[in-house]
Amino acid sequence: MFTPQGPTFRELAVQAFSSIEHGYDLLAPKFDHTPFRTPDHLLDAVVRTVRPLGPFATGLDICCGTGAGVSVLRRLCDERVTGVDFSAGMLAAAASASRSASAASPEFTSAAVNWVRADARALPFAPVFDLAVSFGAFGHFLPAERPVLFARAHAVLRPGGLFVFPVPAPPRVGSPLYWTLWGFDTAMRLRNLLWHPRFVMYYRTFRLPGVLDELARTGFTTELRPLTDLGRRPDGSPRCALVVARRE
């Protein structure tokens with residue numbers, strides 16, 4: 001599927017009928033050869049938007065997967081960068097990719113990089129980070145779990161620290177993407193109704209107004225910054241925005 005180096009249809013099917021953790025352990029070696037990896041042009045846009053908000057000494061990538069977000073932090077943080085995920089397979093792939101990238105990217109700072117296996121809902125850190133990021137992971141959390149997730153992100157930041165993540169504009173109702181996401185979420189709900197363990201991944205449950213309200217209730221002050229490098233929709237609104245949540 002996707003590319004010659006990517007997972008086969010059978011491998012994706014086995015992953016989809018596994019638990020989230022085991023499924024990603026299975027997918028990890030080929031994950032970066034799928035469309036699920038956060039694309040470089042989005043990562044670059046986030047770097048350009050966040051850099052003027054610094055400087056940053058320490059950074060945390062929440063649900064780091066194979067380390068795409070860590071590559072953002074390695075361009076922004078000067079002292080230490082940490083990736084956290086609960087899939088041992090994804091962390092192993094991230095560490096391997098990070099070692100390969102270190103010699104190839106002159107943009108990286110000299111920040112030390114480390115990897116921690118942990119649940120994002122129970123992050124094992126004191127408030128020592130200046131910047132936390134997350135890319136493409138929120139669909140793995142049910143809406144009822146988000147207050148705990150945001151509370152933990154808040155707790156690991158120093159006062160004044162930032163929690164940032166991109167949010168794409170919702171697809172136009174009736175567009176091909178709208179029906180694709182609707183169909184995926186419907187299939188996932190049916191799968192979880194009929195099969196255990198659950199595999200939680202929903203695209204249409206992360207609605208921006210509710211997310212901003214939950215961040216505010218957690219104690220963040222928030223703003224939206226357009227990622228203008230990614231273009232605009234026909235009505236002039238940005239195709240993607242960056243949520244910037246600050247711990248006061």
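Contact record, Thr66 with Ala93: CG2-CB, 3.9 Å, taken as the closest heavy-atom pair. Val81 approaches Ala111 most closely through the heavy-atom pair CG2-CB, 4.1 Å. What you find for Ser134 and Pro166 is that their closest heavy atoms are O-CD, 3.7 Å. Residues Trp115 and Ala94 share a closest heavy-atom pair of CZ3-CB, 3.5 Å. Residues Pro127 and Ala155 approach most closely at CB-O, 3.3 Å, considering heavy atoms. Minimum heavy-atom separation, Val70 to Cys64: CG2-CB, 4.4 Å.
Other residues, nucleotides and ligands contribute over 12 non-hydrogen atoms within 6.0 Å of the CZ atom of Arg239.
Both tests pass for Arg189 against the ring of Tyr202: distance under 6.0 Å to the centre and angle within 45° of the axis. A cation-pi arrangement is present between Arg204 and Tyr178, with the terminal nitrogen or guanidinium carbon under 6.0 Å from the aromatic centre and inside a 45° cone about the axis.
With hydrogens and angles ignored, the 3.5 Å screen pairs a side-chain donor or acceptor of Glu145 with a backbone N or O of Leu142. Arg152 contributes a side-chain N or O that, together with a main-chain N or O of Leu123, makes up a donor-acceptor pair within less than 3.5 Å. Panel note: side chain Arg247, backbone Leu157; a donor-acceptor pair is recorded below 3.5 Å. Listed for the Ser175 side chain is no donor-acceptor partner under 3.5 Å among the backbone atoms of Pro171. In this structure a side-chain-to-backbone donor-acceptor pair under 3.5 Å is missing from Ser96 to Ala92. At least one donor-acceptor pair closer than 3.5 Å links the side chain of Thr49 to the backbone N or O of Ala45. At distances below 3.5 Å, at least one donor-acceptor pair connects side-chain atoms of Ser71 with backbone N or O atoms of Ala68.
No side-chain heavy atom of Cys63 sits under 4.5 Å from any side-chain heavy atom of Val84. Using a 4.5 Å heavy-atom threshold, the side chains of Leu215 and Val211 count as touching. A heavy-atom distance below 4.5 Å is found between the side chains of Leu162 and Leu53. Between Leu60 and Val156 the shortest side-chain heavy-atom distance falls below 4.5 Å. Using a 4.5 Å heavy-atom cutoff, the side chains of Thr205 and Phe138 are not in contact. Within the 4.5 Å cutoff, no side-chain heavy atoms of Tyr203 are placed close to those of Thr180. Using a 4.5 Å heavy-atom threshold, the side chains of Phe163 and Val244 count as separate. Inter-residue side-chain proximity for Leu208 and Leu224 is flagged as met; some heavy-atom pair is nearer than 4.5 Å.
Checked against a 6.0 Å centroid threshold, the rings of Phe206 and Phe141 do not count as neighbours. Between Phe220 and His154, the distance separating the two ring centers is shorter than 6.0 angstrom.
Taking CZ of Arg172 as the reference point, atom CG of Asp235 lies at 11.0 Å (rounded to 0.5 Å). Distance OG1/Thr82 to CZ/Arg80: 5.0 Å, rounded to 0.5 Å. The line from CZ of Arg232 to SG of Cys240 is 12.0 Å long, rounded to the nearest 0.5 Å. Here CZ of Arg198 is found 13.0 Å from NE2 of His140. Values are rounded to the nearest 0.5 Å. Distance check: Leu212 CG to Arg207 CZ gives 14.0 Å after rounding to the nearest 0.5 Å.
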(request) Determine, step by step, whether Val50 and Leu131 satisfy the side-chain contact (heavy atoms from CB on, under 4.5 Å) criterion, reporting the C-alpha distance in whole Å, the side-chain angles of both residues, the deciding distance to 0.1 Å, and the verdict. (result) CA-CA 10 Å; Val50 174; Leu131 176 63; 4.1 Å; yes
(request) Apply the test side-chain contact (heavy atoms from CB on, under 4.5 Å) to residues Arg158 and Thr58: give CA-CA distance (whole Å), side-chain angles for both, the deciding distance (0.1 Å), then the verdict. (result) CA-CA 10 Å; Arg158 293 177 174 136; Thr58 54; 3.5 Å; yes
(request) Report the C-alpha separation of Phe56 and Phe129 in whole Å, then their side-chain angles, then the decisive distance to 0.1 Å, and conclude whether the ring-ring contact (aromatic ring centres under 6.0 Å, His included) test is met. (result) CA-CA 9 Å; Phe56 308 101; Phe129 295 101; over 10 Å; no
(message) side-chain contact (heavy atoms from CB on, under 4.5 Å), that's the test. Do Ile62 and Phe165 meet it? Break it down for me.
(response) CA-CA 10 Å; Ile62 299 173; Phe165 50 88; over 6 Å; no
(request) List the steps and the verdict of side-chain hydrogen bond (donor to acceptor under 3.5 Å, both in side chains) for Arg74 and Ser98. (result) CA-CA 10 Å; Arg74 295 183 74 183; Ser98 177; 2.9 Å; yes
(request) Apply side-chain contact (heavy atoms from CB on, under 4.5 Å) to the pair Asp130 and Cys77, showing each step before the final yes or no. (result) CA-CA 9 Å; Asp130 301 309; Cys77 300; over 6 Å; no
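Clustering ILVMFWY residues whenever any of their side-chain heavy atoms sit less than 4.5 angstrom apart, transitively, puts Val164 in the very cluster that holds Leu76. Clustering ILVMFWY residues whenever any of their side-chain heavy atoms sit less than 4.5 angstrom apart, transitively, puts Leu181 in the very cluster that holds Met188. One hydrophobic cluster holds both Phe86 and Val200 under the rule that ILVMFWY side chains link at heavy-atom gaps under 4.5 Å. Val113 and Val47 fall within a single hydrophobic cluster, where Ile, Leu, Val, Met, Phe, Trp and Tyr side chains are chained together by heavy-atom contacts under 4.5 Å. By the rule that hydrophobic residues join a cluster once side-chain heavy atoms approach within less than 4.5 Å of another member, Val116 and Val128 end up as members of one cluster.
Checked for salt-bridge contact, Arg48 and Asp229 meet the test: a charged N lies under 4.0 Å from a carboxylate O. At a threshold of 4.0 Å, the pair Arg75-Asp78 does not count as salt-bridged, since none of the basic side-chain nitrogens sits closer than that to a carboxylate oxygen.
Of the N and O atoms on the side chains of Asp85 and Ser87, not one donor lies less than 3.5 Å from an acceptor on the other residue.
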